[in-house]
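Worksheet: the structure to be examined is printed underneath.
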Amino acid sequence: MKFTKPLLMALMLFFAFNVFAKNNILKVFVFSKTQAFRHKSIPKGIETLKTLGAQNKWEMKFSEDSNDFNESIYQYDVLIFLNTSGDLFNNEQKKTFQNYIAQGKGFVGLHAATDTEKSWPWYGNMVGAVFNEHPKIQKATLVTSPSYAPFMVNDYKTRETTDEWYNFKEPVKSYVTVLTYLDEASYTGGKMNKNHPITWFHHYDGGRIFYTGLGHREEQYDDAMFLKELQNGILWAGGKINDPAPSTKKPNKLLTDNLNDNWAVFIGCPHGTVQNLANVDPTSNGKTGEPLGLNNDPKEVFKMEKEGNETILHISGEIYGALTSKLEYENYHLKLQFKWGDKIWEPRLKLPKDNGILYHANGPYRTFWNVWMQSHEFQVQIHDMGDYYALGGVEATIPLTPVNDGKLLGYQKNAPKQEIMSGKKTPFNMAKRGFDNEKPEGEWNTLEVYCLGDKSIHVVNGKVVMALENLKRITPDKQEVAATKGLIQIQSEAAEAFYKNIEIKTIRSFPKSIRKQL
């Protein structure tokens, strides 16, 4: 049969669309195994999830077999723990679960998911809380947080519903973004000191985590509002819904008096010279060993301070660490002010003062030097502000020319374009900024990062010092994908530093003042 050109084109589009549609289908694994209390609502929950799956054309599997936690689990985009309970996994299955999350997959926990693997710290930290006990089933008021409306696309501020309300062993982790709180004055038996999150989401160890404490009663699975929340939680965990985006008009301010409002703290392994801290390995070089981890900053490496009416982020630099945005960002303008402090620490006593802004950060902590994520770096180093480094498996294309007697490559607009990538030897794993536009040490500098699609621009005190394109990252399965969004990290790297006026705004194009410099 001979195809006409229009028919051939139509067939090609048809097949391309079907391949895209198949690849775009969300694959969901629902797990409802119990080794402790078994909820009577599990069959109703399974029925409800099957209905949601059919409505959304999800590809779904339902299981209560822990042996399914093998390499085959990696094909699924989202794991849903439907009222699981007790200890469910052996050590090998735990490793598979951790690797699944590290690959950027999603997790959705319903109700008793916090009553699962309660002696496994990684799991409790991943979900965000551990169940302790609960009062009798009763009606209570749910109050939404400011993050709720853009995330859930519903406009209520409070609502009442009846369920079994969990009290947790400790406060819900400060690194989660809370969507709804329980009003403890609206019912009896709340024991979370009037700060009682019940639905939240967060990025953890590379994955996307959503949890709701609702779902004990069968009747809850007939509630339209709950089903909408659950559906959107699954879609977000599967990467089909983005994090709330900053305004396109007035920038969002990312520094408040409470560091936990917009940021999570991860502290690396202390160098052997760190004083007044328990269990420091005297042989540690600050890169190897066990990091202190999330939400564990006993030396206050990252601390909010007041200078007059200004809110200042003080970074001591004493231990390598990462201040990580709670939200992912895409197509944005990040603007902040920075200056150096006086203190320096091992292992960089004889090296230039160093810090850095990491953007499009993805994957687990510990990817680079045991503390930072896979990311593109706006280098903040004395006399090198705006340099570019490729960290943990990323690459970029930059117009470059030889500098430093040919030992390095530096940005120069209209120069031949070359690829810079992680893992290459110098000069091909980093690029020098076009010129030094840094202010004298101790003065405030204005630093800006523009990200649009797979392009980024580094600006120091109003001048473009680096322009990049074809930003990419290497996925855990060794695929190259465009790097267009991710978390933001601010480093602690052995030098005292200060930041203020950190703000972010969504952009649709690079401003004219920037384009004129390219």
Side-chain angles (χ1 to χ4, degrees), residues 174-175 251-271 273-277 280 286 291-327 334-349 351-359 361 365 369 371-373 375 377-385 438-449 460-461 487-504:
S174 62
Y175 47 77
N252 289 20
K253 296 185 182 303
L254 297 184
L255 276 190
T256 65
D257 291 343
N258 183 356
L259 190 62
N260 296 325
D261 285 345
N262 295 301
W263 303 90
V265 173
F266 186 93
I267 303 297
C269 181
H271 190 274
T273 59
V274 172
Q275 301 293 310
N276 303 315
L277 186 64
V280 173
L292 295 182
L294 266 175
N295 216 29
N296 185 19
D297 187 7
K299 296 285 288 184
E300 293 190 303
V301 172
F302 297 98
K303 183 180 180 181
M304 299 309 302
E305 297 178 347
K306 280 291 189 180
E307 191 174 286
N309 293 325
E310 289 190 305
T311 301
I312 308 291
L313 168 63
H314 179 197
I315 303 175
S316 75
E318 187 173 4
I319 307 172
Y320 286 170
L323 187 68
T324 307
S325 64
K326 286 187 176 183
L327 300 182
L334 175 69
K335 185 176 182 180
L336 41 77
Q337 289 180 279
F338 167 90
K339 73 174 182 179
W340 295 109
D342 297 324
K343 295 178 181 178
I344 54 174
W345 310 88
E346 288 284 12
R348 295 185 57 87
L349 291 178
L351 295 171
K353 290 181 179 178
D354 198 2
N355 194 268
I357 302 163
L358 313 183
Y359 57 95
Y365 292 95
W369 283 9
V371 63
W372 299 303
M373 295 177 175
S375 54
E377 180 177 5
F378 179 123
Q379 172 75 310
V380 183
Q381 182 169 280
I382 196 162
H383 303 309
D384 294 316
M385 281 194 185
E438 183 178 347
K439 291 185 178 180
E441 187 174 351
E443 293 186 18
W444 288 102
N445 295 269
T446 298
L447 310 181
E448 300 171 81
V449 184
V460 176
N461 295 315
L487 303 170
I488 294 169
Q489 295 191 299
I490 297 176
Q491 293 180 315
S492 166
E493 196 172 350
E496 185 180 30
F498 298 88
Y499 285 87
K500 68 178 181 178
N501 298 328
I502 303 178
E503 56 186 38
I504 193 165

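In this structure, Leu294 and Phe266 approach most closely via the heavy-atom pair N-CD1, 3.6 Å. Taking both residues in full, the closest heavy atoms of Tyr365 and Gln489 are given as CE2-NE2, 3.5 Å, listed atom of the first, atom of the second, then distance. In terms of heavy atoms, Glu438 sits closest to Gln381 at OE1-O, 3.7 Å. Taking each heavy atom of Ala322 and Trp372 in turn, the nearest pair found is CB-CD1, 3.5 Å. Scanning both residues, Ser492 and Glu318, for their nearest heavy atoms gives OG-N, 4.2 Å. Residue Thr256 comes nearest to Thr311 through the heavy atom pair O-CG2, 3.6 Å, listed as atom of the first residue, atom of the second, then distance.
Checked by atom type, the side-chain pair His271/Glu346 shows no donor-acceptor distance below 3.5 Å. With no hydrogens or angles considered, no side-chain donor-acceptor pair links Trp369 and Gln491 at under 3.5 Å.
For the atom pair OH (Tyr499) and CG (Leu323), the distance works out to 10.0 Å, reported to the nearest 0.5 Å. Here Glu441 contributes atom CD and Ile382 contributes atom CD1; the two are 3.5 Å apart, rounded to the nearest 0.5 Å. How far CD of Glu493 is from CD1 of Ile319: 14.0 Å, rounded to the nearest 0.5 Å. Distance check: Phe302 CZ to Thr324 OG1 gives 8.0 Å after rounding to the nearest 0.5 Å. To the nearest 0.5 Å, the span separating CD on Gln337 from CD1 on Ile502 amounts to 10.0 Å. Rounded to the nearest 0.5 Å, atoms CD1 (Ile344) and CG (Leu351) are 9.0 Å apart.
Side-chain contact between Asn262 and Asn252: absent, with no pair of heavy atoms (C-beta onward) separated by less than 4.5 Å. Residues Ser174 and Asn295 have side chains in contact (heavy-atom distance under 4.5 Å, counting atoms from C-beta outward). For the pair Ile267 and Asn296, the minimum side-chain heavy-atom distance is 4.5 Å or more. A 4.5 Å side-chain heavy-atom check between Ile490 and Phe338 finds every atom pair outside the cut-off. Residues Val380 and Ile357 are in side-chain contact: their nearest non-hydrogen atoms beyond the backbone lie under 4.5 Å apart. Two residues are said to be in side-chain contact when any heavy atoms from C-beta on lie closer than 4.5 Å; Lys299 and Asn276 meet this criterion. Contact annotation: the side chain of Leu277 approaches that of Leu292 to within less than 4.5 Å [non-hydrogen atoms, C-beta and beyond]. Side-chain atoms of Ser375 and Tyr359, non-hydrogen and from C-beta on, never get closer than 4.5 Å to each other.
With respect to the salt-bridge test (charged N to carboxylate O, under 4.0 angstrom), the residues Glu307 and Lys500 do not qualify. No salt bridge links Asp261 with Lys326; every basic N to acidic carboxylate O contact stays at or beyond 4.0 Å.
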Please step through side-chain contact (heavy atoms from CB on, under 4.5 Å) for the pair Val460 and Leu447, ending with a clear verdict. CA-CA 5 Å; Val460 176; Leu447 310 181; 4.1 Å; yes

Begin with the C-alpha distance, continue with both residues' side-chain angles, and end with the deciding distance and a verdict on side-chain contact (heavy atoms from CB on, under 4.5 Å) for Tyr320 and Val301. CA-CA 9 Å; Tyr320 286 170; Val301 172; over 6 Å; no

Given side-chain contact (heavy atoms from CB on, under 4.5 Å), test Met304 with Asn258 step by step and report yes or no. CA-CA 7 Å; Met304 299 309 302; Asn258 183 356; over 6 Å; no

Could you please spell out the steps behind the side-chain contact (heavy atoms from CB on, under 4.5 Å) verdict for Glu496 and Trp340? CA-CA 6 Å; Glu496 185 180 30; Trp340 295 109; over 6 Å; no

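Between Phe498 and His314, the two ring planes are parallel [angle under 30°; tilted spans 30° to 60°].
Put simply, the side chain of Asn501 never gets that close to the backbone of Leu336: no donor and acceptor are under 3.5 Å apart. Here the side chain of Glu300 pairs no donor or acceptor atom with the backbone of Pro298 at under 3.5 angstrom. Using a distance-only test at 3.5 Å, with no hydrogens or angles considered, no donor-acceptor pair links the side chain of Glu503 to the main chain of Lys335. At distances below 3.5 Å, not a single donor-acceptor pair connects side-chain atoms of Asn461 with backbone N or O atoms of Asn445. Using modelled atom types, no side-chain atom of Trp345 and backbone atom of Val274 make a donor-acceptor pair closer than 3.5 Å.
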